[in-house]
Amino acid sequence: MLSVSSLIRRPGFSDWASRSLLFGWLVRRQARKVFDLMSGFVYTQTLLACEQLGWLEALDDSSLSVDQLAALGRVHRDRAMLLIRAASAVGLLKLRRNIVTLTLSGRVIAQQPGLRALIRHHQLFYEDLAHPAELLRDPDPGTRLRQFWRYVEVRGSGESDVTAAARAQTAQYSALMSATQDIIVSQVLASVRFQPTERLLDIGGGQGRFAAKIRACHPGMATHVFDLPGVTTASDCEPMGRTEGDFFRDSFPSGFQTVSLVRVLYDHPDAWVLRLLKKIHDYLAPQRGRLIVAEPMSADGREEPMAETYFGFYLLAMRGGRPRSQSELAGLLRKAGFPSVQPRPTPLPMQCSVIEATA
């Protein structure tokens, strides 16, 4: 019996199958998938153009005419129509009688500043992916994302001072992390229970957005942020506490029975992750405290495009870690000494998964 792959290799089979009542739908579906793979970058650039021209924010308030959008973006009307049609085709905009509105997907993006900040940030990622084969071959790529996320190499390096340029870069990535943190906080709050008298230490907590949101939902809690110099400031963390330090080298502040690592572990290679987890375990063990790990994770036994493709290449360009599955992280946590490790289901695991471990 001929296999499907053997049939596909036969000359003229695709043309015949596309006209067949039995196989036509399958050929068309596969053709669409292939074309989407080829043109996906153009779809992302369509989204980026709508954000850069200010259309998403403007259309979130009201419907606008084609001429109004052209004037807002300072582009010729014909070019504005090209983008409107492209954005309509990918499900961002709707055009009816010269009036443009947002689709549901477009409105979801427009109403989330964190998503729009990520869209703008991805210009760096697109530059790094311009030559993917070179990125894969180079053992030490000098990428734009690597420059942007320089803190990954600063941690544990023994650098005692940070230059003014590095501090400015730090401020940029801290602002991005803060802007996108709400996406993660909602997932954690839906999956983890906090006690009113709990004391939370957010390690690698940046500008304190996560800790502030947790405290806002549980006003009796004490929250404290620990991160590199220049990442947190007193104004960021008021009325919370803050301590500056490198979590690989410096001691944690005492008096906290709960520790959170939010989008931290996937930035680092396995050896660094295990080193950090052992340190946290030793910190929590005397009081049988708990650790909350929250970050995007790959799916056990399944190939998820978000984790395997997006985060795989993003972290490669960043020169950081890699996306790990819940079972991989659970193994590292147990190896670090945590006897109890429990995955916690989240409403949107594509955005964030959560693991709770007790020392």
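Just the heavy atoms: all of them, side chains too, but no hydrogens, waters or symmetry mates, feed the values below.
- Side chain of K279 to main chain of D250: a donor-acceptor pair is present (N/O by atom type, distance under 3.5 Å, no hydrogens or angles).
- Looking only at distances, no side-chain donor or acceptor of H281 sits under 3.5 Å from a matching main-chain atom of L277.
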Quiz item: For D270 and R324, what are the C-alpha separation, side-chain angles and deciding distance, and is it a side chain to side chain contact (heavy atoms under 4.5 Å, CB included)?
Solution: CA-CA 10 Å; D270 287 357; R324 298 176 180 87; 2.8 Å; yes

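- Listed by first and then second residue, the side-chain hydrogen bond (donor to acceptor under 3.5 Å, both in side chains) pairs that reach into residues 344-358 are R290-E356, R344-E356, sequence neighbours excluded.
- S105 and T103 are not linked by any side-chain donor-acceptor pair at a separation below 3.5 angstrom, with hydrogens and angles left out of the test.
- R199 places a side-chain N or O within donor-acceptor distance of the main-chain N or O of G255, the cut-off being under 3.5 Å.
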Quiz item: Where do Q257 and Q195 land on the side chain to side chain contact (heavy atoms under 4.5 Å, CB included) test, with the steps shown first?
Solution: CA-CA 11 Å; Q257 71 269 39; Q195 301 301 320; over 6 Å; no

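- Looking at E295, its side chain does come within 3.5 Å of a backbone N or O of Y266 through a donor-acceptor pair.
- No donor-acceptor distance shorter than 3.5 angstrom exists from the side chain of E57 to the backbone of G54, with no hydrogens or angles considered.
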Would you list the atom pairs, donor with acceptor, under 3.5 Å between side chains in residues 70-83 and any protein atom, with sequence neighbours excluded?
{"from": "H76", "atom 1": "ND1", "to": "D78", "atom 2": "N", "distance (Å)": "3.0"}
{"from": "R77", "atom 1": "NE", "to": "D67", "atom 2": "OD1", "distance (Å)": "2.6"}
{"from": "R77", "atom 1": "NH2", "to": "N98", "atom 2": "OD1", "distance (Å)": "2.8"}

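- A donor-acceptor contact shorter than 3.5 Å is absent between the side chain of R242 and the backbone of G208.
- Judged by distance alone, the side chain of Y283 and the main-chain N or O of P253 form a donor-acceptor pair under 3.5 Å.
- Checked options F311, F41, Y314, F313; the residue passing with F125 is Y314 (criterion: ring-ring contact (aromatic ring centres under 6.0 Å, His included)).
- When the side chain to side chain donor-acceptor pair (under 3.5 Å) test is applied to S260, the partners found at least two apart in sequence or on another chain are D202.
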